[in-house]
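These values consider heavy atoms only, across backbone and side chains, with no hydrogens, waters or symmetry-generated copies. As the structure is a computational prediction, the values presented were derived from the model and not from experiment. Note that ligands are numbered from 1 as they come in the structure, with each ligand's atoms numbered from 1 the same way.
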Amino acid sequence: MTPRYDAIVVGGGAIGLSSAWRMARAGMEVAVVDPEPGRGASWVAAGMLGPVSEVHYGEEGLLALTMASARRWPSFAAELEADTGSDIGYRTTGTLVVDVDDGDRAWSEDLFRFQCSLGLEVERLSSRRVRELEPAVAPGVRSGLLVKGDHQVQTRRFVSALLAAAAKRGVTFHHQPATAVDVDGAPGTAGGATVRGVHCDGTQLGAPVVVLAAGCWSGSLAGLPDGVVPPVRPVKGQILRLSGDAERPLLGRSVRGLVQGASVYLVPRADGTLVVGATMEEQGFDTTVTAGAVYELLRDARRVVPGVTELALIEARAGLRPGSPDNAPLVGATTVDGLLLATGHYRNGILLSPLTADTVAALAAGHEPPAEMAPFRPTRFATAPS
Ligand code: GLY
């Protein structure tokens, strides 16, 4: 097969690009296969790096992972900025969670108790204190939680920097869809199975390591043996971008609102843009923007920050998160020698990029991966070959 690389990454989103960059930085010859690198779910994502404000009951194991990746973010961002000379908009301004009625307040009290029981750093705020911190928040909010350690990154700058850094480190981009993974042999048989490369439209690319990082499409490639196909599905998220005044921004930090049982988030950018998201919809591979979703997002955002209605609506878009059966990613080796998975990141793809990339780069080089990723090996879902 020609050409030959040390590693091929299928999928050029935040996870695939971070992995490719890290491997190339370690001296490997890497290719990325994606018809439109950087333009999938990562392009739509708000970029909240919020392991504490987004913690969910029953997902304590995932919390250990998201916290570990959050700790890697400052150095990861600094190295990426040093490699590209560009500012990726990594901001450490914290996150505020606010509740708008008594039911939401009870929910946020429960969340606070849960966060405290896990030893997380969070501060309970009165309504008055919330408005001192963020005067644009609605006077009617009942209370708030301040999570100083939950940060954000400007996703489009992040993805653009990854594209530039990867190219600078010699990564080759094949702007084609990957159609199949080439596997020799079968898992569980004498001799086992080994990956040989990837088939694209009209091209065959060879490598001893293939990283499947195609988000919710990761299960769609031909050639994957039974038991290796990742159980990922698309979870649609519709999201809005509003344009505001950079000199007089509406918010100084990310605000997550609990509005009659629903959740809405507002993420301010340094240029005055406000990102408002996001729906959670099981609609298959549909990326239609619906009037109902735009209405509901703006209705809930307005309950939290009334001034949003003064801003210009500049974009409404839908992205597809790669959901997995336990809401946690699948990162690591498979029963096919050389075939790595890096998918299923669901709501945490941007946050988990540093730890995932370091895991992929370690495994591709034959090194020990970060211990925090061990519970998230893809083989936890493996079924016996039929
Ligand atoms: N992490 C935010 C979202 O998935 O909408």
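- Its side chain within the 4.5 Å cluster rule, Val267 clusters with Val44, Met48, Ile239, Tyr265, Val275 among the Ile, Leu, Val, Met, Phe, Trp and Tyr residues.
- Under the 3.5 Å distance criterion, with hydrogens and angles disregarded, no donor-acceptor pair is assigned to the side chains of Thr66 and Asn348.
- Taking Ile, Leu, Val, Met, Phe, Trp and Tyr as hydrophobic and joining them when side-chain heavy atoms fall under 4.5 Å apart, one finds Phe285 in a cluster with Trp217, Leu320.
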Evaluate the side-chain contact (heavy atoms from CB on, under 4.5 Å) criterion for residues Leu120 and Met67: first the C-alpha distance (whole Å), next the side-chain angles of each, then the deciding distance (0.1 Å), finally the verdict. CA-CA 10 Å; Leu120 301 172; Met67 292 291 281; 3.9 Å; yes

Show me the side-chain donor-acceptor pairs of residues 13-23 shorter than 3.5 Å, one per line, residues at least two apart or across chains.
from: Ser18; atom 1: OG; to: Ala14; atom 2: O; distance (Å): 2.6
from: Ser19; atom 1: OG; to: Ile15; atom 2: O; distance (Å): 2.8
from: Trp21; atom 1: NE1; to: Asp83; atom 2: OD2; distance (Å): 2.8
from: Arg22; atom 1: NE; to: Asp358; atom 2: OD1; distance (Å): 2.8
from: Arg22; atom 1: NH1; to: Glu79; atom 2: OE1; distance (Å): 2.7
from: Arg22; atom 1: NH2; to: Glu79; atom 2: OE1; distance (Å): 3.1

May I have every N or O pair linking ligand 1 to the protein at under 3.5 Å, one per line with atom names and distance?
from: ligand 1; atom 1: 1 (N); to: Glu54; atom 2: OE2; distance (Å): 3.4
from: ligand 1; atom 1: 1 (N); to: Arg347; atom 2: O; distance (Å): 2.8
from: ligand 1; atom 1: 4 (O); to: Arg321; atom 2: NE; distance (Å): 2.7
from: ligand 1; atom 1: 5 (O); to: Tyr265; atom 2: OH; distance (Å): 2.6
from: ligand 1; atom 1: 5 (O); to: Arg321; atom 2: NH2; distance (Å): 2.8

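- Between Asp245 and Arg248 there is a salt bridge, with a side-chain nitrogen of the basic residue lying less than 4.0 Å from a carboxylate oxygen of the acidic one.
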